[in-house]
> 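Dropping the structure in here first, questions after.
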Amino acid sequence: MSGSPAVLMRLVASAFTVAEKAGAIVRNVLHSGELGIVEKTGANDLQTLADRVAQQSICASLSKRFPKVTIIGEEDLPAEEIKDDLIENGQAEDILQKTCPAEYTGLKEEELVVWVDPLDGTKEYTEGLLDNVTVLIGIAYGGRAIAGVIHQPFYNYQLGAGANLGRTMWGMLGVGAFGFKLQEVPDGKRIVTTTRSHSNKQVTDCVDAMEPHEVIRVGGAGNKIIQLVEGKASAYVFASPGCKKWDTCAPEAILHAVGGKLTDMHGNAYSYDANVKHMNSAGVLATLRNHEYYISRVPQSVQQALK
């Protein structure tokens, strides 16, 4: 390919390094001991200093390099001057070397929408369940999630002092997914991952209807998709509103890049256009394989409730 890499490849290469910078911010705030917690809508919907500063860093860094890209972040923050030390200018060279799929080579900045969750799993972060925490940067075109970056700031934290913390995975439709080893749950095993802190009877009824051999309750949408692609779970089932577009855009892109699927409880795809409502109001069902089986098991009462 002659000339400079396509805009999409440059955006993903920037998102990769920007996510790692955000991860460092998230770690530093935790180590400082001053989390700066505020409740947004209640005790299960928290925001910390890490959420705020990480989002400032991500949005300012990407806006500086890609001023015409629409960037939508989870946190509703006042406009303010961003300190220079929050700006990340690097790009992941190995991503720039990849060949952009033909259908995306001509994309312009203004056609792309970036969905940012600066700290997915905030409640778990405040409780020390650090393997649940991710930084999510998803990229959409034409309403579809086409590329995404998931960074785990505390990956390896159980190894204790001196461990090399953090890892970053990324994926793009037509290119593949990188930064992890794709694995599947053993044949015939149905392991469902679902919410840890936002459950209710509807969620539980839906999980039970899948007839799982095992249920894993953890925090963070990014974390649950990692479980799917690493063979720890076969379906992510959340039969309730609550998840937002910034929770699912990046994970969906990575999941789709390896042949998986993420839909609402009716089997319909979500749109990631700039003007869509932020709530995934018809729930989330994600699988690496056998999506139709899980959709077929969704109780009618759940489908009725999540119209």
Side-chain angles (χ1 to χ4, degrees), residues 4-5 7-38 40 46-96 109 112-122 124-126 128 130-139 147-157 161-170 179 220 222 246-247 249-250:
S4 76
V7 166
L8 179 62
M9 303 312 291
R10 290 190 286 113
L11 181 56
V12 177
S14 288
F16 186 99
T17 55
V18 165
E20 294 198 324
K21 168 90 166 179
I25 291 168
V26 167
R27 285 194 297 272
N28 290 341
V29 170
L30 187 73
H31 295 151
S32 77
E34 298 292 327
L35 296 189
I37 300 168
V38 294
K40 292 197 285 189
L46 305 177
Q47 183 197 80
T48 68
L49 179 63
D51 294 84
R52 297 189 286 275
V53 180
Q55 179 164 305
Q56 287 176 330
S57 174
I58 293 167
C59 295
S61 299
L62 293 178
S63 292
K64 185 179 174 194
R65 197 181 275 262
F66 305 96
K68 294 178 182 167
V69 169
T70 299
I71 302 172
I72 303 170
E74 173 177 8
E75 309 306 338
D76 196 6
L77 301 177
E80 57 184 284
E81 196 67 34
I82 305 300
K83 296 195 208 80
D84 285 348
D85 63 354
L86 290 181
I87 303 291
E88 171 57 59
N89 292 312
Q91 292 185 304
E93 276 303 320
D94 59 327
I95 298 178
L96 295 176
E109 282 186 27
L112 297 168
V113 181
V114 174
W115 293 87
V116 175
D117 190 337
L119 200 173
D120 183 38
T122 301
E124 287 69 29
Y125 176 69
T126 65
L130 302 179
D131 47 344
N132 291 207
V133 173
T134 58
V135 175
L136 305 175
I137 304 177
I139 299 165
V149 174
I150 299 178
H151 175 69
Q152 286 180 290
F154 299 101
Y155 183 72
N156 274 344
Y157 86 100
N164 194 7
L165 287 184
R167 70 163 169 173
T168 310
M169 49 187 74
W170 70 278
W246 45 72
D247 292 311
C249 186

> Nearest 0.5 Å, what's the CG-CD1 distance between Leu11 and Ile139?
3.5 Å
> Would you check if Leu136 and Trp246 make a side-chain contact, meaning some heavy-atom pair closer than 4.5 Å?
no
> Do the ring planes of His31 and Phe154 sit parallel (below 30°), tilted (30 to 60°) or perpendicular (above 60°)?
perpendicular
> Checking Asp120 side chain against Gly222 main chain: does a donor-acceptor pair fall under 3.5 Å?
yes
> Rounded to the nearest 0.5 Å, what separates atom CD1 in Ile25 from atom CG in Leu30?
14.0 Å
> Please round to the nearest 0.5 Å and tell me the distance separating atom OG1 of Thr17 and atom CG of Leu62.
8.0 Å
> Looking at every heavy atom in both Glu88 and Gly90, which two are closest together, and how far apart are they?
OE2-N, 2.7 Å
> Just verifying a value: how many Å separate Gln47 CD and Asp76 CG, rounded to the nearest 0.5 Å?
9.0 Å
> If every non-hydrogen atom of Gln152 is compared with every non-hydrogen atom of Asp131, which pair is closest and at what distance?
NE2-O, 3.9 Å
> Does Asn164, at its CG atom, have more than 12 non-hydrogen atoms belonging to other residues, nucleotides or ligands within less than 6.0 Å?
no
> So, Ser14 side chain and Arg10 main chain: donor-acceptor pair closer than 3.5 Å or not?
yes
> Do Tyr125 and Leu35 come close enough that some side-chain heavy atom pair is under 4.5 Å?
yes
> Main chain of Pro153, side chain of Arg27: is a donor-acceptor contact present, judged purely on distance under 3.5 Å?
yes
> Check side-chain contact (heavy atoms from CB on, under 4.5 Å) between Ala15 and all other residues, then give those that pass, not counting sequence neighbours.
Ile137, Val149
> Going by side-chain hydrogen bond (donor to acceptor under 3.5 Å, both in side chains), name the residues that satisfy it together with Gln56, two or more places apart in sequence or in a different chain.
Glu80
> Measure the shortest side-chain to side-chain distance between Ser61 and Lys21 over non-hydrogen atoms and say whether it is less than 4.5 angstrom.
no
> Would you say the side-chain atoms of His151 pair up with the backbone N or O of Arg167, donor to acceptor, closer than 3.5 Å?
yes
> Report the residues that fulfil salt bridge (charged side-chain N to carboxylate O under 4.0 Å, His left out) with Glu74, sequence neighbours left out, ordered by chain and then residue number.
Lys40
> Kindly determine whether Asn28 and Val53 satisfy side-chain contact (heavy atoms from CB on, under 4.5 Å), including the steps that lead there.
CA-CA 11 Å; Asn28 290 341; Val53 180; over 6 Å; no
> I want to check something: taking the side chain as every heavy atom from C-beta on, are Val135 and Ile58 in contact at a cut-off of under 4.5 Å?
yes
> How long is the gap from CD1 on Ile37 to OG1 on Thr122, to the nearest 0.5 Å?
9.5 Å
> Between atom CZ of Arg65 and atom CD1 of Ile87, what is the distance when rounded to the nearest 0.5 Å?
11.0 Å
> Please examine the side chains of Val114 and Leu112, heavy atoms only from C-beta on, and report whether any two atoms are closer than 4.5 Å.
no
> Under the criterion side chain to side chain contact (heavy atoms under 4.5 Å, CB included), which of Leu49, Asp51, Leu119 is the partner of Val29?
Leu49
